[in-house]
Amino acid sequence: MSKIRPIKFRGYNKKNGVWLYGFYLQNRGAHFVAPDEFADGKTWEDYEVDPESVGQFIGLDDDCGKEIYEGDLIKYGDSAFDYKIVWDGPLFCLQECGNGDKFLIDDLADIHIHVVGNSYNMGQ
């Protein structure tokens, strides 16, 4: 029996300078990521994210226990290259940074993965 992957997203909120995790929606051209429960005193602006930063959780953690999201930059195995996690429906895959070659991985859980950053540049 396979494990059910939770469906959740993350996105970067420029107003507050934080990553938000939870439910993703678009409304009237704006993009939002919000937790299951809204906090008192928060407005929709507190949940608005840059659409370029939105990525879906792939259902796996890296070797250090960090959740892996679409758009993350990773090292895997003994590779000297960085790879980006991309959606290439119907699967997530690795895209080699630099030349753009994509590699479909049947089971990312069987290889050693370490998140080294993400492809969204927010000046950090």
Side-chain angles (χ1 to χ4, degrees):
M1 178 179 269
S2 65
K3 179 177 139 181
I4 296 175
R5 174 176 59 91
I7 306 298
K8 62 182 174 178
F9 294 83
R10 74 165 178 210
Y12 188 73
N13 176 276
K14 289 181 179 180
K15 175 186 174 192
N16 297 322
V18 296
W19 284 97
L20 301 173
Y21 298 83
F23 179 74
Y24 172 64
L25 67 106
Q26 296 178 13
N27 186 22
R28 298 181 183 177
H31 300 256
F32 304 91
V33 173
D36 289 334
E37 295 92 24
F38 286 92
D40 289 336
K42 298 271 186 178
T43 68
W44 276 106
E45 287 180 348
D46 292 309
Y47 298 106
E48 188 170 356
V49 296
D50 183 334
E52 296 296 317
S53 72
V54 175
Q56 185 174 359
F57 177 54
I58 71 166
L60 297 171
D61 296 344
D62 75 357
D63 290 341
C64 297
K66 184 175 182 173
E67 292 180 338
I68 303 171
Y69 285 82
E70 178 183 8
D72 276 344
L73 300 176
I74 65 162
K75 288 212 179 278
Y76 84 94
D78 295 328
S79 173
F81 302 106
D82 286 347
Y83 293 85
K84 179 172 138 180
I85 300 289
V86 296
W87 175 254
D88 194 10
L91 301 169
F92 287 104
C93 66
L94 302 177
Q95 182 176 25
E96 189 174 325
C97 296
N99 69 12
D101 288 344
K102 291 181 185 174
F103 303 93
L104 293 175
I105 305 292
D106 290 337
D107 190 357
L108 288 173
D110 290 339
I111 59 176
H112 295 288
I113 300 172
H114 182 68
V115 174
V116 295
N118 65 64
S119 60
Y120 180 69
N121 183 2
M122 69 228 165
Q124 293 184 340

Report the distance from atom [atom1] of [X] to atom [atom2] of [Y], rounding to the nearest 0.5 Å.
{"X": "D101", "Y": "E96", "atom1": "CG", "atom2": "CD", "value": "5.5 Å"}
{"X": "F32", "Y": "N27", "atom1": "CZ", "atom2": "CG", "value": "6.0 Å"}
{"X": "L94", "Y": "F103", "atom1": "CG", "atom2": "CZ", "value": "8.0 Å"}

Item to check | side-chain hydrogen bond (donor to acceptor under 3.5 Å, both in side chains) partners of D82, counting only residues at least two apart | outcome: K75

Checklist entry - Can you name the side-chain hydrogen bond (donor to acceptor under 3.5 Å, both in side chains) partners of K102, sequence neighbours left out? => result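 Per chain and number, K102 pairs via side-chain hydrogen bond (donor to acceptor under 3.5 Å, both in side chains) with no residue.
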
Checklist entry - Parallel, tilted or perpendicular: which fits the ring planes of Y12 and Y120, with parallel below 30° and perpendicular above 60°? => result tilted

Checklist entry - Would a hydrophobic clustering, with Ile, Leu, Val, Met, Phe, Trp and Tyr connected at side-chain separations under 4.5 Å, put V49 with I7? => result yes

Next on the checklist: As a test of understanding, state which of Y21, Y24, F23, W19 forms a ring pair (Phe, Tyr, Trp, His ring centres under 6.0 Å) with F9.
Outcome noted: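 Looking at Y21, Y24, F23, W19, the match for F9 under the ring pair (Phe, Tyr, Trp, His ring centres under 6.0 Å) is Y24.
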
Checklist entry - Residues two or more places apart in sequence or in another chain: which of them pass side-chain contact (heavy atoms from CB on, under 4.5 Å) with K15? => result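 side-chain contact (heavy atoms from CB on, under 4.5 Å) check on K15 returns N13, T43, E45, D46.
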
Could you pull out every donor-acceptor pair under 3.5 Å between side chains of residues 57-74 and any protein atom, sequence neighbours left out?
unit_1: D62; atom_1: OD1; unit_2: C64; atom_2: N; d: 2.8
unit_1: D62; atom_1: OD1; unit_2: G65; atom_2: N; d: 3.1
unit_1: D62; atom_1: OD1; unit_2: K66; atom_2: N; d: 2.9
unit_1: D62; atom_1: OD2; unit_2: V115; atom_2: N; d: 3.0
unit_1: D63; atom_1: OD2; unit_2: H112; atom_2: ND1; d: 3.4
unit_1: D63; atom_1: OD2; unit_2: I113; atom_2: N; d: 3.4
unit_1: E67; atom_1: OE1; unit_2: K8; atom_2: NZ; d: 3.3
unit_1: E67; atom_1: OE1; unit_2: Y69; atom_2: OH; d: 2.8
unit_1: E67; atom_1: OE2; unit_2: K8; atom_2: NZ; d: 2.6
unit_1: E70; atom_1: OE1; unit_2: Q56; atom_2: N; d: 3.4
unit_1: D72; atom_1: OD1; unit_2: R10; atom_2: NH1; d: 3.1
unit_1: D72; atom_1: OD1; unit_2: R10; atom_2: NH2; d: 2.4
unit_1: D72; atom_1: OD2; unit_2: Y69; atom_2: N; d: 2.8

Checklist entry - Shortest non-hydrogen contact from E48 to A30? => result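 That closest heavy-atom pairing would be OE2-CB, 3.7 Å.
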
Checklist entry - If you look only at pairs with a residue in residues 84-95, which of them pass as a salt bridge (Lys or Arg N to Asp or Glu O under 4.0 Å), with sequence neighbours excluded? => result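 As it turns out, there is no salt bridge (Lys or Arg N to Asp or Glu O under 4.0 Å) pair with a partner in residues 84-95 once direct neighbours are skipped.
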
